[in-house]
Amino acid sequence: MRFSNSFIPTTKEVPNDAVITSHQLMIRAGMVKALGSGIYSVLPFGLKVFQKVMNIIREEMNAIGGQEFYLPGINPVELWQETGRVESFGDIMFHIKNRQLILAPTHEEVITSIAKAHIRSYKELPQIWYQIQSKFRNEPRPKSGVIRSRQFTMKDSYSLDSTSEGLDKSYNLHAEAYKKIYTRSGLKFFIIGASSGAMGGSGSQEFMIESDAGEDSIILCESCDYAANLEIATSNKSKINFGSSKKKEKIFTPNIKTIDQLSNYLKVHVEQCAKSVVYISGKQAYLIMMVGNDQVNESKLKSVIGTEFRPCTDEELVELFSAEAGSIGPVGVSKNIKVIADNRLKDSTNLITGANINDYHLLNVDLLRDCKIDHYSDLRQVEKDEPCKLCNKQLRLTTGIEVGHIFKLGTKYSSALKANFLDENGKENPIIMGSYGIGVERIAACYIEQNHDEFGIIWNKALSPFDFHIIVVNVKLAKVVEVADNLYKSLSEKYSILYDDRSSVSAGVKFKDADLLGIPFQIIVGDRNLENNSVEIKIRRTNERIIVPIDSVLEKIKNIYE
RNA sequence: CGGGAUGUGGCUCAGCCCGGUAGAGCACUCGGUUCGGGACCGAGGGGUCGUGAGUUCAAAUCUCACCAUCCCGACCA
């Protein structure tokens with residue numbers, strides 16, 4: 001393609017809206033153009049990259065037996081009411097005003113409705129169905145360019161199985177396919193255990209890129225392969241033990257509100273103080289007990305109590321406990337209040353807790369003797385530098401961008417929509433499903449985050465919009481143009497070429513644009529080397545320059561490319 | 001939704017505090033000179049100063065409301 005006829009609007013300066021590198025470079029390289037907050041037009045140069053990504057995904061999905069669908073982006077709202085997801089998506093889902101339709105944020109419902117209509121027997125399973133299409137989410141705060149936008153391209157696939165062993169197999173096929181997709185795309189990625197959140201289901205993993213621009217907090221072990229989203233991460237922080245049970249006492253603790261104040265005042269270790277935090281879910285109050293300054297991990301709490309919740313207000317505290325924050329505790333609370341304690345507190349003795357009387361605490365509380373704990377669970381948020389639960393080495397806390405997420409859904413959607421099949425015994429069962437998503441634009445953006453320098457993008461062969469970038473340095477010299485034209489023609493037979501034949505800009509502009517656009521190999525045709533019947537090949541990533549005689553240039557290029 | 005910032009030509013920004021003819025660089029058009037790392041000279045075109053009210057003889061500038069965008073937080077299949 002001749003640059004002179006192309007629409008590749010490169011810019012020297014960055015719009016002040018773009019903050020992260022990939023966003024800035026995508027705009028400067030003329031890949032995308034913002035239309036509104038979280039809404040982007042994809043321009044030809046960018047589309048070529050996205051198409052490369054989509055083709056890699058398509059090849060790997062086909063390789064595990066996936067079959068591609070094209071599904072509607074507008075869906076009847078009734079379908080989503082049946083699975084309860086109109087409510088669970090809430091404001092994230094776009095609703096069409098003049099029809100009972102929504103813009104699909106994902107496609108479990110549509111896929112399941114197709115399965116319901118056509119799958120009858122276990123003999124028709126398993127199936128892997130996928131699509132690569134636009135999804136719509138009314139993000140409250142779009143950010144970081146195409147990384148979090150309101151319309152984006154996602155490869156979503158869905159596995160349909162008749163057994164849980166089958167689901168495991170489909171899930172693992174996807175995990176392996178995803179590793180190949182990211183590896184082929186040139187991303188440095190890792191896999192973490194993740195929460196399945198509102199998607200439901202029994203297990204899930206995320207594929208992450210480490211990045212300061214990331215929105216997820218991740219716990220990683222430096223010496224083994226433990227890795228988990230902070231939402232579910234656990235560590236080897238041990239249970240507490242304060243010896244055999246002593247006599248409970250009530251003590252005066254004036255104006256003591258925090259665990260740190262309490263431990264200072266009483267000259268005890270913070271971990272001997274048990275913190276009580278209260279949440280409300282619907283009409284139910286939950287008193288959550290944690291060791292010392294351990295933080296409640298609300299994702300874990302949500303999976304324990306199973307519904308949405310909110311912190312208790314100060315007024316409600318007084319109503320429920322006759323005491324204010326800082327003096328709340330588990331001893332003698334109403335039976336209507338559920339008490340859930342973190343695993344570290346299991347059957348602990350000699351704790352210090354609030355007395356449910358302002359300015360008083362209790363010493364030597366024995367959880368077995370003095371109060372009724374309804375349930376113990378892992379509720380604490382892991383902190384950095386804690387010991388790994390697998391190898392006991394230090395854990396690291398970092399942030400990442402999610403580029404893929406795989407879920408074992410189970411029968412949540414098939415049950416809701418009655419997508420059943422008959423098993424070997426003629427018994428009707430809901431189809432066992434998995435769902436597996438990859439963000440197309442995110443792969444491209446994350447690649448740029450990981451592969452750029454001060455001059456621009458550095459594409460690899462897999463994602464580069466073109467194989468070679470030919471630059472003709474001086475278009476006034478007929479001989480130079482002739483050589484470049486011939487090279488363009490002969491290379492075009494086998495490779496995709498961006499040919500910078502522009503007469504309107506100086507050589508310097510062409511060089512800067514070439515580095516910005518980041519095509520891996522530049523072929524520079526200028527009179528300086530032509531005097532020696534040579535052209536120059538520049539490797540974008542290493543800045544290595546190779547002078548090649550014209551008569552061997554095709555062979556040399558072939559070698560360099562492979 | 002809470003906190004903060006910004007809105008002036010296509011882009012980056014100055015001007016606003018202290019009201020009085022709307023500016024610079026880049027980009028664009030024309031002419032000329034250059035021609036291997038974002039060239040130079042000359043001449044041009046292009047702006048309802050986010051929108052709407054208000055104060056004032058006079059508003060880009062002061063006041064109020066609204067809108068938009070970005071950042072932090074909340075949220076995030």
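So you know, we letter chains A, B, ... as the sequences are listed, proteins then strands, and number each from 1.
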Find the distance L477(A):CG to U34(B):C1' and express it as a whole number of Å.
-> 13 Å

Base-pairing assignment for G44(B) (Watson-Crick or G-U wobble, both under 3.5 Å) | C28(B)

Kindly say whether, by distance alone, the side chain of R545(A) makes a donor-acceptor pair under 3.5 Å with the base of G37(B)?
-> yes

Using a 4.0 Å heavy-atom cut-off across all strands, classify D216(A) as base, sugar-phosphate, or nothing.
-> nothing

OP1 or OP2 of U12(B) under 4.0 Å from side-chain N/O of N16(A) = yes

Would you classify V19(A) as touching base, sugar-phosphate or nothing, given that sugar-phosphate means primed atoms plus P, OP1 and OP2, and contacts are heavy atoms under 4.0 Å?
-> sugar-phosphate

Which whole-number value in Å describes the distance from E298(A) CD to C75(B) P?
-> 7 Å

Can you tell which of I132(A), I114(A), V110(A) makes a side-chain contact (heavy atoms from CB on, under 4.5 Å) with F69(A)?
-> I114(A)

How would you label the contact of E536(A) with the nucleic acid (heavy atoms, under 4.0 Å): base, sugar-phosphate, or nothing?
-> base

Heavy-atom count around M54(A) CE within 6.0 Å, excluding the residue itself: above 12?
-> yes

For G52(B), what is the paired nucleotide under Watson-Crick or G-U wobble rules, both distances under 3.5 Å?
-> C64(B)

For atom CG of D212(A), decide whether the heavy atoms of other residues, nucleotides or ligands shown that lie under 6.0 angstrom number more than 12.
-> no

Residue from F468(A), F466(A), Y447(A) passing ring pair (Phe, Tyr, Trp, His ring centres under 6.0 Å) with W459(A) | Y447(A)

Please indicate whether I539(A) has more than 12 foreign heavy atoms, meaning atoms of other residues, nucleotides or ligands, lying under 6.0 Å from its CD1.
-> yes

Would you classify K510(A) as touching base, sugar-phosphate or nothing, given that sugar-phosphate means primed atoms plus P, OP1 and OP2, and contacts are heavy atoms under 4.0 Å?
-> nothing

Tell me what M93(A) touches on the nucleic acid: a base, only sugar-phosphate, or nothing, going by heavy atoms under 4.0 Å.
-> nothing

Under 4.0 angstrom, heavy atoms only, what part of the nucleic acid is V475(A) near: base, sugar-phosphate, or nothing?
-> nothing

Expressed in whole Å, how much space separates the P atoms belonging to C11(B) and U56(B)?
-> 36 Å

Quick one: the side chain of N474(A) and the base of G36(B), do they pair up donor-acceptor inside 3.5 Å?
-> no

Identify whether any heavy atom of N529(A) sits under 4.0 Å from a base atom; if not, whether one sits that close to sugar-phosphate; answer base, sugar-phosphate or nothing.
-> base

Separation of the P atoms in A43(B) and G7(B), to the nearest angstrom = 32 Å

With both distances under 3.5 Å as the test, what is the Watson-Crick or G-U wobble partner of G23(B)?
-> C13(B)

Across all strands shown, which nucleotide pairs with U33(B) by Watson-Crick or G-U wobble geometry, both distances under 3.5 Å?
-> A39(B)

Take atom P in C49(B) and the same atom in G20(B), then report the distance between them in whole Å.
-> 15 Å

Is the base of G38(B) touched by the side chain of R28(A) through a donor-acceptor pair closer than 3.5 angstrom?
-> yes

Begin with the C-alpha distance, continue with both residues' side-chain angles, and end with the deciding distance and a verdict on ring pair (Phe, Tyr, Trp, His ring centres under 6.0 Å) for W129(A) and Y158(A).
-> CA-CA 5 Å; W129(A) 295 351; Y158(A) 307 91; 8.8 Å; no

With respect to Y40(A), which candidate in E441(A), H23(A), Q151(A) satisfies the side-chain hydrogen bond (donor to acceptor under 3.5 Å, both in side chains) definition?
-> H23(A)

Assess whether atom NZ of K384(A) is packed by more than 12 heavy atoms of other residues, nucleotides or ligands within 6.0 Å.
-> no

Using a cut-off of 4.0 Å on non-hydrogen atoms, how would the nucleic acid contact of S144(A) be classed: base, sugar-phosphate, or nothing?
-> sugar-phosphate

Any N/O donor-acceptor pair, E13(A) side-chain to G25(B) base, under 3.5 Å | yes

Assess R2(A) against Y499(A): is NZ or CZ under 6.0 Å from the centre of the six-membered ring, and within 45 degrees of the ring's axis?
-> no

Please measure how far the P atom in U61(B) lies from the corresponding atom in G54(B), and state the result in whole Å.
-> 14 Å

Gap in Å between the two P atoms, one belonging to A59(B) and one to U21(B), rounded | 11 Å

Calculate the interatomic distance between N138(A) atom CG and C76(B) atom C1'; express it in whole Å.
-> 12 Å

Would you mind classifying the nucleic acid contact of R310(A) as base, sugar-phosphate or nothing, using non-hydrogen atoms under 4.0 angstrom?
-> nothing

Short side-chain N/O contact to U69(B) OP1/OP2 from R141(A), under 4.0 Å = no

If each of P105(A) and R502(A) is mapped to the nucleotide of RNA chain B with the nearest heavy atom, which maps nearer the 5' terminus, i.e. the 5' end?
-> R502(A)

Take atom NZ of K476(A) and atom C1' of G32(B), then tell me their distance rounded to the nearest Å.
-> 12 Å

In whole angstrom, give me the gap between the P atoms of A60(B) and C13(B).
-> 22 Å

Distance in angstrom units between E531(A) CD and C35(B) P, rounded = 14 Å

Distance, C1' atom - from C35(B) to U51(B), rounded to whole angstrom = 48 Å

For G3(B) versus G46(B), give the span between their C1' atoms, rounded off to a whole number of Å.
-> 39 Å

Heavy atoms under 4.0 Å, any strand shown: does K33(A) hit a base, just sugar-phosphate, or nothing?
-> nothing

Return the nearest nucleotide to the side chain of R148(A); candidates are G38(B), C35(B), C76(B).
-> C76(B)

C35(B) phosphate, OP1 or OP2: any side-chain N/O from S506(A) under 4.0 angstrom?
-> no

Identity of whatever pairs with C18(B) - Watson-Crick or G-U, under 3.5 angstrom | none

How close or far is atom P of C11(B) from atom CD of Q24(A), stated in whole angstroms?
-> 16 Å

Taking atom C1' of G73(B) as reference, at what distance in whole Å does atom NZ of K143(A) sit?
-> 10 Å

In whole angstrom, what separates I547(A)'s CD1 from G36(B)'s C1'?
-> 11 Å

Tell me the partner of A58(B), counting only Watson-Crick (N1-N3 plus N6-O4 or O6-N4) or G-U wobble (N1-O2 and O6-N3) with both under 3.5 Å; none if nothing fits.
-> none

Give the nucleotide from the list G38(B), C75(B), G36(B) with an atom nearest to the side chain of D513(A).
-> G38(B)

Which is true for P15(A) with a 4.0 Å heavy-atom rule: it touches a base, it touches only sugar-phosphate, or it touches nothing?
-> sugar-phosphate

May I ask which nucleotide in the shown strands pairs with C70(B), Watson-Crick or G-U wobble, both distances under 3.5 Å?
-> G4(B)

Ignoring backbone atoms, establish whether S37(A) has a side-chain N or O less than 4.0 Å from OP1 or OP2 of A68(B).
-> no

So which one's nearest nucleotide on RNA chain B is more toward 5', V505(A) or E215(A)?
-> V505(A)

